[in-house]
Amino acid sequence: MAITNPEIDELLEKTEQNPFLLCSVASKRACDINNMLRGQHLRVTAIQDFDDITTVVAGEDPISTAMEEIDDDTLGFVKDEFDEAIKGANIQVQQNQ
């Protein structure tokens with residue numbers, strides 16, 4: 001599978017040419033989308049026999065949705081918070097060595 005639309009180069013421009021950042025932002029959003037859909041699915045099945053929400057979103061890939069949101073500038077990140085999270089992760093790795 002290849003990302004063709006939006007193009008990977010356009011997505012990298014929006015994430016400081018950092019593939020790790022692009023993957024982190026997109027995967028976090030995809031997890032949020034999955035959790036939201038799972039919650040809706042559970043609520044719907046609790047009150048009715050037919051689950052039309054799953055039917056509506058069938059075929060939608062959460063990663064593709066996240067990448068489109070990055071491309072549309074509806075999904076972004078706060079650089080300072082990202083930098084702090086990376087510093088904290090690096091310190092934790094160094095302490096475990």
Side-chain angles (χ1 to χ4, degrees):
M1 179 176 135
I3 298 174
T4 57
N5 189 14
E7 291 186 16
I8 191 75
D9 292 335
E10 293 173 10
L11 295 170
L12 285 171
E13 287 176 12
K14 297 180 185 240
T15 55
E16 301 182 342
Q17 299 296 327
N18 185 335
F20 173 75
L21 176 58
L22 173 60
C23 291
S24 295
V25 171
S27 67
K28 178 162 179 21
R29 176 63 177 141
C31 286
D32 291 345
I33 292 169
N34 278 333
N35 289 338
M36 179 182 60
L37 291 175
R38 190 175 300 115
Q40 289 176 347
H41 173 78
L42 292 174
R43 284 190 297 277
V44 168
T45 56
I47 60 173
Q48 67 185 33
D49 292 334
F50 179 70
D51 179 10
D52 56 350
I53 290 176
T54 303
T55 306
V56 169
V57 298
E60 291 290 322
D61 177 21
I63 287 288
S64 295
T65 302
M67 296 289 188
E68 288 171 7
E69 289 176 358
I70 291 170
D71 189 47
D72 295 341
D73 291 326
T74 56
L75 177 62
F77 67 100
V78 177
K79 183 178 177 359
D80 293 337
E81 289 179 15
F82 177 76
D83 290 344
E84 285 301 315
I86 293 299
K87 287 177 190 173
N90 288 340
I91 290 170
Q92 198 170 32
V93 168
Q94 290 170 354
Q95 289 174 349
N96 291 334
Q97 290 179 351

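- When all heavy atoms are compared, the tightest approach of Pro62 to Ile33 is O-CD1, 3.9 Å.
- When every heavy atom of Leu75 is checked against every heavy atom of Ala66, the shortest pair comes out as CD2-O, 3.9 Å.
- Across every non-hydrogen atom of Thr15 and Phe77, the tightest pair is CA-CE2, 4.1 Å.
- Note that OG1 of Thr65 and CD1 of Ile70 are 11.0 Å apart. Values are rounded to the nearest 0.5 Å.
- A donor-acceptor pair is defined here as one N or O able to donate and one able to accept, closer than 3.5 Å; such a pair exists between the side chain of Lys14 and the backbone of Asp71.
- None of Ile8, Val25, Leu22 except one satisfies the side-chain contact (heavy atoms from CB on, under 4.5 Å) rule with Met67; the exception is Leu22.
- Here the closest heavy-atom approach between residue Ser27 and residue Ile63 is recorded as CA-CD1, 4.2 Å.
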